[in-house]
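Numbers restart at 1 for each chain; the letters A, B, ... are given by sequence-line order, proteins then strands.
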Amino acid sequence: MPELPEVETVRSGLEKWVIGWKISKVEILHSRAIRNNTTYDLQKVLPGRKITKVDRRGKYMWLLLDNNQALIIHLGMSGQVLLPNVVDSPHKHLRIRLSIAEVEKEIHFVDQRTFGHMTLDDLDGGIPKSVKKIAPDVFESEYQQKAVVEKIRKSNSEVKKLLLDQGVISGVGNIYADEALWRAKIHPQRIGKELTPAQVVKIIDKCKEVMGQAIAAGGTSFDDLYVNVNGESGYFDRSLAAYGQNGLPCPRPKCRGLITKARFMGRYSHFCSKCQPKPA
DNA sequence: CACAGCACCTGCCCGC
DNA sequence: TGCGGGCAGGTGCTGT
């Protein structure tokens with residue numbers, strides 16, 4: 001569920017609190033909450049480690065530790081990182097608890113559907129090894145626009161599939177792909193190699209634009225499955241033009257088209273029937 | 001290789 | 001009121 005803007009909202013919220021915190025204890029309350037490590041691994045390594053930085057690429061974020069390893073956090077569809085009042089009773093779907101005895105705080109990983117996880121990983125050039133397989137996101141200095149445009153323009157795949165491919169450009173999910181394509185007036189099923197360079201650049205610029213605006217709004221919350229580290233919702237849902245707007249008129253002035261919801265690639269897309277013309 | 005389909009989960013909402 | 005089906009912001013595996 002959370003895409004780059006929601007993950008960034010969590011990352012920046014964490015950063016304000018946890019830098020310098022020393023983990024004293026880790027409890028794994030659900031076996032699916034960790035991947036590629038064991039409870040033993042985490043309990044052996046984490047106690048005594050200080051958090052030195054909170055970093056992110058696309059939808060992956062990680063706590064950088066003072067032993068030069070990273071504790072990766074992926075929110076999946078329903079993951080949350082909360083910094084609760086320790087006296088309150090914990091959330092029903094609490095999966096991992098990190099205790100910080102020195103400041104009497106806890107970092108809670110909460111996840112209803114258990115598609116999210118944490119993983120302890122080694123770094124390679126400042127990025128966790130398992131995160132290196134995804135492409136940089138549009139906000140990173142490592143991001144190479146030219147390479148992304150080339151990849152899309154060489155592909156026989158539908159442009160929306162390419163936007164969702166974290167190996168092409170990371171951080172974009174179903175909401176912001178639909179929003180960017182609406183802003184660029186490109187139908188999601190247009191084929192990558194049939195787009196002009198200017199069209200591809202426009203789509204990517206719109207991805208960056210819409211995600212930047214969503215970060216400023218604290219992300220998109222349809223319900224309490226996405227909240228920041230203080231448990232508060234974001235309000236970008238008010239600014240959505242296409243996603244979830246099926247049946248409503250296209251918000252573009254004088255367009256008079258209807259926002260349509262259609263299923264392909266195993267999921268739904270939302271687009272304007274008029275200003276995002278279907279490929280031939 | 002690309003790609004479709006489905007699996008992984010829980011909970012909510014809708015129609016009957 | 002209850003049950004079954006469909007749906008949800010993501011990822012990754014399988015078989016063709």
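When distances run from any side-chain atom of A:H93 to the nucleotides C:dG10, B:dC9, B:dT10, the shortest one goes to B:dT10. You'll find that the side chain of A:K261 is closest to C:dC7, out of B:dC3, C:dC7, C:dG9. Nearest to the side chain of A:Y268, among C:dA8, B:dT10, B:dC8, sits C:dA8. Here the side chain of A:D223 is nearest to one of B:dC8, C:dA8, C:dG9, namely C:dG9. When distances are taken from the side chain of A:K161 to each of C:dA8, B:dA4, B:dC8, the shortest belongs to B:dA4.
Counting to the nearest Å, the P atom of C:dA8 and the CG atom of A:N246 are 10 Å from each other. Going from atom CG of A:D224 over to atom P of B:dT10 covers 17 Å, rounded to whole Å. The nearest whole Å value for the distance from the OH atom in A:Y176 to the C1' atom in C:dA8 is 15 Å. Taking atom CD on A:Q112 and atom P on B:dC13, their separation rounds to 12 Å, with Å as the unit. Atom-to-atom, CZ of A:R263 to C1' of B:dG5 comes out at 10 Å; the value is rounded to the nearest Å. The interatomic distance linking A:D111 (CG) with C:dG9 (C1') rounds to 12 Å, in whole Å. Rounded to whole angstrom, the span from the OH atom of A:Y226 across to the C1' atom of C:dG10 amounts to 16 Å. In this structure, A:D237 places its CG atom 17 Å from P of C:dA8, rounding to the nearest Å.
Place A:R95 and A:S155 on DNA chain B by their nearest nucleotides, and A:S155 ends up nearer the 5' end.
The side chain of A:S157 places an N or O atom within less than 4.0 Å of a non-bridging phosphate oxygen (OP1 or OP2) of B:dC3. At the phosphate of B:dC8, neither OP1 nor OP2 sits under 4.0 Å from any side-chain N or O atom of A:R113. Listed pair A:K92 / B:dG11 meets the phosphate criterion, a side-chain N or O lying under 4.0 Å from OP1 or OP2. Residue A:Y243 places at least one side-chain N or O under 4.0 Å from the OP1 or OP2 atom of C:dG9.
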Per-nucleotide protein contact string for nucleotides 11-16 of chain C, where B marks a base within reach and S marks sugar-phosphate only (heavy atoms under 4.0 Å, - for neither): SS----
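A:G173 comes within 4.0 angstrom of the backbone, heavy atoms only, and of no base.
Between A:Y268 and A:D178, the closest side-chain pair of non-hydrogen atoms is not below 4.5 Å. Side-chain contact between A:P5 and A:Y176 is present, with at least one heavy-atom pair separated by less than 4.5 Å. The shortest side-chain heavy-atom distance between A:Y226 and A:L75 does not fall under the 4.5 Å cut-off.
Taking atom P on both nucleotides, B:dC8 is separated from C:dC3 by 24 Å, rounded to a whole Å. To the nearest whole angstrom, the two P atoms, one in B:dC9 and one in C:dT14, are 15 Å apart. Rounded to whole Å, the separation between the C1' atoms of B:dC3 and C:dG9 comes to 23 Å.
Separating the SG atom in A:C207 from the CG atom in A:L163 is a distance of 5.0 Å, to the nearest 0.5 Å.
A:S24 contributes a side-chain N or O that, together with a main-chain N or O of A:A101, makes up a donor-acceptor pair within less than 3.5 Å. Under the 3.5 Å distance criterion, the side-chain polar atoms of A:K202 are left unmatched by any main-chain donor or acceptor of A:K185. Checked by atom type and distance alone, the side chain of A:R267 never pairs as donor or acceptor with a backbone atom of A:F264 at under 3.5 Å.
Remark: DNA chain C takes part in the stems B:2-8 with C:10-16, B:10-16 with C:2-8, each of 3 or more antiparallel Watson-Crick or G-U pairs, criterion distances under 3.5 Å.
By the stacking rule of 5.5 Å between ring centres and under 30° between planes, A:F222 does not stack on the base of C:dA8.
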side-chain hydrogen bond (donor to acceptor under 3.5 Å, both in side chains) evaluation trace for A:D41 with A:T38: CA-CA 5 Å; A:D41 293 333; A:T38 62; 3.2 Å; yes
Return a table of donor-acceptor pairs under 3.5 angstrom between the side chains of residues 127-137 of chain A and protein atoms on other chains or two or more places apart.
residue	atom	partner	partner atom	Å
A:S130	OG	A:D121	OD2	2.7
A:K132	NZ	A:D124	O	3.4
A:K133	NZ	A:S130	O	2.9
A:D137	OD1	A:F139	N	2.9
A:D137	OD1	A:E140	N	3.4
A:D137	OD2	A:R56	NH1	3.0
A:D137	OD2	A:G58	N	2.8

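The pair A:E179-A:R183 fails the salt-bridge criterion, with no side-chain N (NZ, NE, NH1 or NH2) lying under 4.0 Å from an Asp/Glu carboxylate O.
In this structure, A:K105 is not positioned above the aromatic face of A:W21 in the sense of NZ or CZ being under 6.0 Å from the six-membered ring centre and within 45° of the axis.
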